[in-house]
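Comments concern the structure below.
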Amino acid sequence: MTLARGLRSNYCGELGSGDIGAAVALCGWIDRIRDHGEHLSFIDLRDHTGIVQIVTPRRNDLRSEFVVRVTGTVANRPEGTINKTIATGEIEIHDGEIEILSSAATLPFSIDDRLDVEEITRLRYRFLDIRRDKMQRNLRNRALVNSAIRRSLEAQGFTEVETPMLWTPTPEGAREFLVPSRLQPGNFYVLPQSPQIAKQLLMVGGFDRYYQIARCMRDEDLRADRQFEFTQLDLEASFVTQEDIFAFIGGAIAEIVEVTRNVQINEIPRMTWFDAMDKYGVDKPDLRFESPLIDVTEILSPLGVRAFSAPTIKALLAPVRESFTRSRLDALIDRAKALGAKGLAYFKVVEEEDRLAFESPLAKFLEEAPTLSLIERLGAEAGDTIFVVADEWKVATTVLGQIRLELGKELVSHDQLAFTWIVDFPLFDGLDESGKPISAHHPFTMPHADDFEFLESDPLRVRSQSYDLVLNGWELGSGSIRIHRPDIQSKIFQIIGVTDEEAQSRFGFLLDAFKFGAPPHGGFAFGIDRIAAIMSGEDNIREVIAFPKTQSGLDPMTDAPKPVDAATLKNVGLTLAPKK
RNA sequence: GGACCUGUGGUGCAGCUUGGAGUGCACGCCGGCCUGUCAAGCCGGAGGCCGCGGGUUCAAAUCCCGUCAGGUCCGCCA
């Protein structure tokens, strides 16, 4: 098969000294014109592969960003004019015929990665913003992620199946986008927040190993790592254990990292949810740096100091040895309070005579023995600072964990990739007002085999067969082994207080399906926007989405969302309530 | 729903603390010069609802209140 070349013979960026003398036809945008007078001017022609220099007499009819087709001859640059900073810097195009395919008004900003433009302006003119190298690279990287996923999963026996975008409301979980029905006025579809139930039905349907690069929609507030609509690799497999899921996903991740970063990764390590919380104060720890939270309850609790009268006392050796100023410490204390702690204690480790001591408002409460054992426990040296939070376990760990992240920011780089599986999540996440346990994941998650006996006696102790994949402190995705037996499912519904009638009206079709021979199955889904962002070194998924929304859900380019006229509303059986 | 930061020619900033003429810088744009530049250079020029509304004041880009928009975060995201 020959590659169709269209109006061009070559791409700009692929020409080199091997093409000297070749007659070429190039298409692209005028990046820049350097006019040296009537007899000489240089035109940089740009396409997505790079830039090539055209040498021509002055052309007053050309401007930046005009779209042109250039025919000419590839020639060596004269001695001393080679530009080593660009790939095509050894050659240039001579005797060019320049045909204007399209003129261009002056752009609102230049197509140049070196210049910063406010994001709102970039989004208003996104079609120009994505001409920039960085955006070209990011979106093409993202395409590599998608193809890596397809290659890896198909090699592992998965079949891609598409599921409906118009789905049925399930009044739980994330808020759904509503779609009014024209043929059934007054009734609504929703856009899927995930293909969760559909893929479980595919398992009942015998597909065995399903995957999909699926668009999901959630009508929740937006963040750096969250858009209304996002894309996930969604997969589900039958007759598998958690180990198999790890292998499937591990394979896809390895392929993604290979094609986007050109590095091989080792097997992804695992950590239990409890250890993650206890050591890092968060269920998505950033393991690019260590600095664990250390339990010092035994050391500080016996002192009878009021500030340390709490069930759990956690300490953190500041990840960076720096001299914290009074105002910096105050800011950290305010931050800890804002996060829900009663306070944040700090101890500067100083050399005093021939031994180490603390410099701290609380130092006077610590004799030499506890001081030294604290220093030893943390492995601190002179110049270090130790932070301490005393509170309930959950508060102490999460607050100090957040402080850890903020202090560690300067240590981490986009070049590092620290993956980890988080396993053994609790099945329930606390109790609701009526004392019923709340499902931590979704109510179809299989309890841990060892914990069935506690389902009724001590539900909060029950672990689930669910797991998250974490990369550099971002939750990439999560999954679980599902409940496939109606008796276990009924029991879970009973425990969380969902009546048979409710269950039937919400998920009746799924429960029905499970009556007809459901294989044991489980799956996973991870966010492609997120992994693409991290692989491209971005900390914001909008940088890997062609046309994203702003934080308030607007599209500055199209001005969506917009009002529609009364007739359009009437068509779908809607009238607008008066504005308040 | 809440917290914090931001909004000044087309673009990016400074000016705001301590009110005094739209003052300044860089890029871009327009015109001119220039035969080896490459983010070309030099000379000249145009371009402003200081987000919007209100208040204080003799006087507001600057102080106060409100509002809109952008960002980060909390809540929310089974």
Side-chain angles (χ1 to χ4, degrees), chain A residues 31-46 51-58 60 63-65 75 77-86 88-89 92 94 104-125 128-129 170-176 193-194 196-197 216-228 230 331 334-335 337-340 398 402 405-406 425 427-429 432 437-445 464 466 475 478 480 492 496 498 506-507 527 539-540 542 548-554 556 559:
Chain A
D31 195 62
R32 231 174 215 100
I33 300 173
R34 289 177 296 280
D35 178 2
H36 285 253
E38 195 183 343
H39 303 290
L40 179 66
S41 125
F42 300 103
I43 296 174
D44 286 342
L45 183 67
R46 182 192 73 237
I51 280 177
V52 68
Q53 175 167 284
I54 318 293
V55 184
T56 168
R58 170 186 281 162
N60 282 321
R63 289 289 183 275
S64 282
E65 299 305 317
R77 290 198 186 190
E79 189 79 29
T81 64
I82 287 172
N83 182 354
K84 288 185 176 134
T85 60
I86 59 172
T88 62
E92 57 194 10
H94 285 183
T106 301
L107 267 51
F109 51 85
S110 4
I111 306 303
D112 189 335
D113 279 340
R114 289 167 298 201
L115 304 176
D116 281 334
V117 181
E118 273 201 37
E119 192 170 356
I120 183 69
T121 309
R122 295 176 51 202
L123 292 183
R124 188 164 293 133
Y125 300 97
L128 298 179
D129 187 45
T170 50
E172 264 199 10
R175 191 180 300 113
E176 293 160 327
Q193 43 168 311
S194 94
Q196 180 61 37
I197 293 177
C216 305
M217 284 79 173
R218 295 183 186 169
D219 189 1
E220 300 286 355
D221 286 359
L222 293 77
R223 288 283 191 282
D225 61 351
R226 279 160 39 189
Q227 284 271 305
F228 283 151
F230 60 99
D334 287 346
R335 179 75 180 132
K337 286 179 177 166
L339 291 165
T398 54
Q402 189 60 39
L405 274 184
E406 290 172 18
F425 275 78
L427 185 63
F428 301 113
D429 185 21
D432 67 14
I438 306 161
S439 282
H441 193 46
H442 55 62
F444 317 119
T445 303
S464 63
S466 66
E475 180 193 320
S478 61
S480 62
I492 296 292
I496 63 177
V498 173
R506 287 185 201 171
F507 320 110
D539 28 48
N540 180 326
R542 295 186 299 276
K549 308 278 188 292
T550 67
Q551 194 160 45
S552 55
L554 307 179
D559 283 334

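What you see below is based on every heavy atom in this structure, not just the backbone, and it leaves out hydrogens, waters and symmetry mates. Here is how names work: the chains are called A, B, and so on, in the same order as the sequence lines, proteins then strands, and each is numbered from 1.
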Taking atom types as they are modelled, would you say the side chain of [X] forms a donor-acceptor pair with the base of [N] within the 3.5 Å cutoff?
{"X": "A:Arg223", "N": "B:G75", "value": "yes"}
{"X": "A:Arg218", "N": "B:C77", "value": "no"}
{"X": "A:Asp35", "N": "B:C34", "value": "yes"}
{"X": "A:Arg63", "N": "B:C30", "value": "no"}
{"X": "A:Arg77", "N": "B:C38", "value": "yes"}
{"X": "A:Glu92", "N": "B:G36", "value": "yes"}

Under 4.0 Å, heavy atoms only, any strand: does [X] hit a base, just the sugar-phosphate, or nothing?
{"X": "A:Pro108", "answer": "sugar-phosphate"}
{"X": "A:Glu118", "answer": "sugar-phosphate"}
{"X": "A:Arg542", "answer": "sugar-phosphate"}
{"X": "A:Gln551", "answer": "base"}
{"X": "A:Asp221", "answer": "base"}
{"X": "A:Arg34", "answer": "base"}
{"X": "A:Leu115", "answer": "base"}
{"X": "A:Leu554", "answer": "sugar-phosphate"}
{"X": "A:Ser552", "answer": "sugar-phosphate"}
{"X": "A:Ala440", "answer": "sugar-phosphate"}

- prompt: So, do A:His36 and B:G36 meet the stacking rule of ring centres under 5.5 Å and planes under 30°?
  reply: no
- prompt: Are the ring of A:Phe42 and the base ring of B:U37 both nearer than 5.5 Å at their centres and tilted by less than 30°?
  reply: yes
Is a donor on one side and an acceptor on the other found under 3.5 Å between the side chain of [X] and the backbone of [Y]?
{"X": "A:Gln227", "Y": "A:Lys549", "value": "yes"}
{"X": "A:Arg226", "Y": "A:Asp221", "value": "yes"}
{"X": "A:Thr56", "Y": "A:Ser41", "value": "no"}

Which nucleotide, [options], lies nearest any side-chain atom of [X]?
{"X": "A:Gln53", "options": "B:G36, B:G70, B:C29", "answer": "B:G36"}
{"X": "A:Asp112", "options": "B:G36, B:A39, B:C77", "answer": "B:A39"}
{"X": "A:Thr550", "options": "B:G70, B:U35, B:G75", "answer": "B:G70"}
{"X": "A:Arg335", "options": "B:U11, B:A69, B:C73", "answer": "B:C73"}

If the cut-off is 4.0 Å, is [X] near the phosphate of [N], judged by side-chain N/O to OP1 or OP2?
{"X": "A:Ser110", "N": "B:G28", "answer": "no"}
{"X": "A:Ser41", "N": "B:U37", "answer": "no"}
{"X": "A:Asn540", "N": "B:U72", "answer": "yes"}
{"X": "A:Arg175", "N": "B:C76", "answer": "no"}
{"X": "A:Arg114", "N": "B:G12", "answer": "no"}

message: Just to verify, which of A:His442, A:Glu176, A:Gln196 counts as forming a side chain to side chain donor-acceptor pair (under 3.5 Å) with A:Thr170?
response: A:Glu176
- prompt: Looking at A:Glu65 and A:Arg46, does any basic side-chain N land under 4.0 Å from a carboxylate oxygen?
  reply: yes
query: Do A:Arg58 and A:Glu38 sit within salt-bridge range, that is, some charged N less than 4.0 Å from a carboxylate O?
result: no
- request: Could you tell me the separation between the CG atom of A:Leu107 and the P atom of B:C30, rounded to a whole number of Å?
  value: 12 Å
